[in-house]
There are 2 protein chains.
Amino acid sequence: MSNKNIGIKDVAVAAGVSVTTVSHVLNDVSYARISPVTRDKVRSAAEELGYGPNRLAQALRTQRTGMLGLVSEDIATTPHAGRIILGADEAAKARGYNLMIINTSGSASLASRQADVEALLEHQVDGILYATMYHRNVELPANLGSVPSVLVDSVATGGNITAVIPDEIGGARSAVRALLEAGHTRIGFINNTDDVPATRHRLRGFRTTLTEAGLDSEAAPVESEVSEVQGGYEAARRILARKNRPTGLFCYNDRMAMGAYRAAAELGLSIPADLSVVGFDDQELIAANLHPGLTTVALPHYEMGAWATEHLIDAVEGKTDLTLMALHPTILSCPLVRRDSITAPRQ
Amino acid sequence: MSNKNIGIKDVAVAAGVSVTTVSHVLNDVSYARISPVTRDKVRSAAEELGYGPNRLAQALRTQRTGMLGLVSEDIATTPHAGRIILGADEAAKARGYNLMIINTSGSASLASRQADVEALLEHQVDGILYATMYHRNVELPANLGSVPSVLVDSVATGGNITAVIPDEIGGARSAVRALLEAGHTRIGFINNTDDVPATRHRLRGFRTTLTEAGLDSEAAPVESEVSEVQGGYEAARRILARKNRPTGLFCYNDRMAMGAYRAAAELGLSIPADLSVVGFDDQELIAANLHPGLTTVALPHYEMGAWATEHLIDAVEGKTDLTLMALHPTILSCPLVRRDSITAPRQ
DNA sequence: GGACGTGGGAGACAGATGAGCAACAAGAAC
DNA sequence: GTTCTTGTTGCTCATCTGTCTCCCACGTCC
């Protein structure tokens with residue numbers, strides 16, 4: 001209930017002490033020697049007046065605003081942004097920081113990205129989180145370097161900025177292993193056609209896991225399409241039309257898996273009895289609502305947001321040297337979320 | 001590329017004038033009389049040094065931070081939040097403001113909401129946007145009143161705070177009209193069981209539109225369930241099992257419509273040939289990806305975010321008196337988004 | 001006359017703002 | 001023709017915003 005325009009000096013007058021003393025008491029300044037009685041007077045005066053500190057003035061003096069900037073791509077179009085923001089917000093709140101958010105578009109010009117960062121800088125944010133909406137290489141605005149910053153879900157083209165990304169390969173391996181463990185020996189992969197790291201990494205995870213299991217590429221067909229429902233449908237039609245069709249299907253993402261569901265339905269194949277399916281992304285809206293529920297690999301967006309914030313704050317407070325972590329991106333694992341789309345193949 | 005720690009006084013030294021003059025020039029102070037020559041000197045000095053204003057210091061003096069607080073419910077769990085944020089961010093950016101965002105949970109205690117607002121207040125935000133994730137009545141933290149504020153997607157229990165909400169009734173009417181215009185005369189409604197305004201309003205829109213069309217309640221069955229895919233499925237099974245089953249179905253939301261799709265498929269009913277369906281919400285992930293694409297009613301989240309921000313800034317700048325608008329919530333229309341799930345009924 | 005216990009004064013942070021001052025010109029009074 | 005008045009232009013000084021922090025002051029008791 002902090003009434004605006006109640007300052008430290010109003011508290012000082014009410015408590016009958018100087019502003020210095022109020023500041024000392026309220027901030028628990030270690031070297032200040034003030035009697036318990038006075039401390040009480042100050043504290044209760046502050047309470048009664050509904051005093052709340054003016055963080056601006058504090059910041060001006062201490063050179064620390066307690067604000068972190070977050071520039072996030074495509075806030076509205078993907079649910080991933082929300083999870084990053086949530087992770088960042090909770091981590092920040094836990095340490096007394098707040099988030100200033102600016103949206104940018106994945107296709108925004110470098111100048112516009114730079115203007116976004118500039119706006120954050122003018123507000124004297126203590127650090128900046130730069131979040132992209134899918135794991136890829138981005139060119140960063142130059143002014144980003146003027147405060148500690150961390151990249152979320154991508155790595156910089158130039159390198160040397162701390163970044164946190166998902167373990168695409170590990171996620172793909174978990175997905176394929178789940179199929180393997182259920183007993184499948186013919187497993188197909190429906191991949192994306194975009195040339196992004198995820199495309200390559202998920203494929204690599206798929207391949208190496210099957211190779212290790214002794215399954216050759218004959219039993220591991222791959223079809224690629226645009227990573228949407230329609231693409232998934234088409235790729236699934238193709239892959240399921242093969243002579244020796246796979247009994248397990250790993251899909252690049254949940255949307256493509258949704259397309260695969262439709263393809264299977266049209267072919268009279270029931271999931272999971274005739275075809276086991278695994279997705280990627282764990283988009284609740286899809287994965288949990290498909291019938292049967294889609295087993296999929298979750299992207300650690302919340303965790304990346306929290307990790308990045310945690311370490312950014314450490315850097316701001318001088319507890320960490322980000323440049324040391326900038327050599328290699330930190331990789332967070334992608335856990336498998338089990339639902340009902342996998343079972344043992346008909347022998 | 002504003003280097004930090006370059007201040008107005010550095011510019012003053014470089015330009016060979018006083019800081020006052022620099023301030024006058026850079027802010028285009030109307031009453032300041034400064035020669036064009038001096039103005040140029042100042043501006044180019046600022047440019048060269050990469051000067052950027054320190055908004056904190058400005059704010060301390062002017063009592064205006066250029067920051068708006070946005071407390072948003074459940075950022076991560078619904079795509080709606082993202083659209084509100086986007087609308088708010090773009091409107092704010094266009095007028096030189098930035099957003100400070102705090103997440104809260106729909107189920108958070110009043111004390112915790114109050115703490116969120118308090119944090120915003122300590123940062124001296126100029127105004128606050130309070131966004132809930134579904135249109136309902138909320139109890140607001142008391143300290144919200146200390147700066148101009150606008151409610152997004154809800155109305156306050158106490159009333160008298162400016163709010164903007166979607167036109168649920170109009171949206172429902174559009175949905176039903178679309179079915180009517182396609183020639184349907186037996187139209188069912190699958191409703192939500194939660195007691196929220198949307199439930200009542202969509203039902204009212206449904207009823208009045210049909211009554212106006214001369215269709216009695218016999219031809220307009222309603223079934224209610226929890227507003228998820230499963231609930232939609234169950235309600236659809238019931239409604240489609242009726243002797244004279246409807247040929248058109250209006251669903252409370254897209255998730256329930258997704259359940260209806262499944263029910264139809266199981267009954268061998270093809271959409272839209274045997275059953276036309278309309279949803280509500282326009283959740284892209286579902287509506288655009290269902291097969292056939294779901295015709296649905298869009299909620300104006302982006303527009304509400306933008307409207308609220310626009311008017312909040314007007315209030316902050318004294319161009320509007322929010323208390324005048326607080327008497328009745330502003331209602332934004334919900335447009336119908338046509339896809340492929342409606343056609344004429346088989347005669 | 002130190003040591004100790006208590007507390008206060010005066011910048012500084014970065015910039016905004018309105019009153020005020022110097023310099024000069026034109027017009028007026030003598 | 002000199003001095004005074006008045007006005008205008010161009011720019012600066014002092015002060016203010018709310019808080020922190022270094023340094024100093026005052027009184028008391030050994």
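If you're wondering where the values come from, they're calculated on a predicted model, not measured in any experiment. Residue numbers begin at 1 in each chain, while the letters A, B, ... track the order of the sequences.
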Atom-pair distance (NZ on Lys41(B); C1' on dC11(D)), nearest Å: 11 Å
Which residues share a side-chain contact (heavy atoms from CB on, under 4.5 Å) with Ser154(A), sequence neighbours left out: Thr132(A), Val138(A), Leu151(A)
Distance in angstrom units between Leu56(B) CG and dT19(D) P, rounded: 14 Å
All side chain to side chain donor-acceptor pair (under 3.5 Å) counterparts of Tyr302(A), not counting sequence neighbours: Glu90(A)
Interface with DNA chain D, restricted to residues 10-22 of chain B and to heavy atoms under 4.0 Å: Val17(B), Ser18(B), Thr20(B), Thr21(B)
Spacing of Glu122(A) atom CD relative to dG15(C) atom C1', expressed in whole Å: 13 Å
Atom-to-atom span, CG of Asp40(A) to P of dG7(C) - whole angstrom: 12 Å
Listed partners of Glu310(A) passing side chain to side chain donor-acceptor pair (under 3.5 Å), at least two apart: Arg95(A)
Atom-pair distance (CG on Asn5(B); C1' on dA14(C)), nearest Å: 12 Å
Can you pull every protein N or O that's under 3.5 Å from an N or O on nucleotides 28-30 of chain D?
none

Pairwise side-chain contact, Ile161(A) with Leu140(A), heavy-atom cut-off 4.5 Å (strictly under): yes
Distance in angstrom units between His123(A) NE2 and dA14(C) C1', rounded: 15 Å
Short side-chain N/O contact to dA16(C) OP1/OP2 from Gln58(B), under 4.0 Å: yes
d(CZ, Arg55(B); P, dG15(C)) in whole Å: 12 Å
Length of the line joining Tyr31(B):OH and dG20(C):C1', which is rounded to integer Å: 13 Å
Which residues share a salt bridge (charged side-chain N to carboxylate O under 4.0 Å, His left out) with Arg39(A), sequence neighbours left out: none
Between protein and nucleotides 7-10 of chain D, what N or O pairs are separated by less than 3.5 Å?
unit_1  : atom_1 : unit_2   : atom_2 : d
dG10(D) : N7     : Arg33(B) : NE     : 3.1
dG10(D) : N7     : Arg33(B) : NH2    : 3.0
dG10(D) : O6     : Arg33(B) : NH2    : 2.4

Taking only nitrogen or oxygen atoms into account, show me every contact under 3.5 Å that the protein makes with nucleotides 15-17 of chain D, one pair per line with its distance.
unit_1  : atom_1 : unit_2   : atom_2 : d
dC16(D) : O2     : Arg61(B) : NE     : 3.0
dC16(D) : O2     : Arg61(B) : NH1    : 3.1
dT17(D) : O2     : Arg61(B) : N      : 3.4

Set of residues satisfying side chain to side chain donor-acceptor pair (under 3.5 Å) with respect to Lys41(A), sequence neighbours excluded: none
Any residue meeting salt bridge (charged side-chain N to carboxylate O under 4.0 Å, His left out) with Arg113(B), in chain and number order, not counting sequence neighbours: Glu73(B)
Residue among Leu327(B), Asp321(B), Thr320(B) satisfying side chain to side chain contact (heavy atoms under 4.5 Å, CB included) with Leu324(B): Asp321(B)
Pair Ser18(A)-Thr21(A), side-chain hydrogen bond (donor to acceptor under 3.5 Å, both in side chains): steps then yes or no: CA-CA 5 Å; Ser18(A) 73; Thr21(A) 303; 3.1 Å; yes
Set of residues satisfying ring-ring contact (aromatic ring centres under 6.0 Å, His included) with respect to His311(A), sequence neighbours excluded: Trp307(A)
Distance below 4.0 Å between Ser23(B) side-chain N/O and dG15(C) OP1 or OP2: no
Flag side-chain contact, heavy atom, 4.5 Å: Asp116(B) against Lys93(A): yes
Phosphate-side-chain proximity, Asn27(B) and dA16(C), N/O vs OP1/OP2 below 4.0 Å: yes
Shortest side-chain distance from Tyr51(A), nucleotide among dA16(C), dT19(D), dT21(D): dT19(D)
Side chain to side chain donor-acceptor pair (under 3.5 Å) partners of Thr157(B), counting only residues at least two apart: none
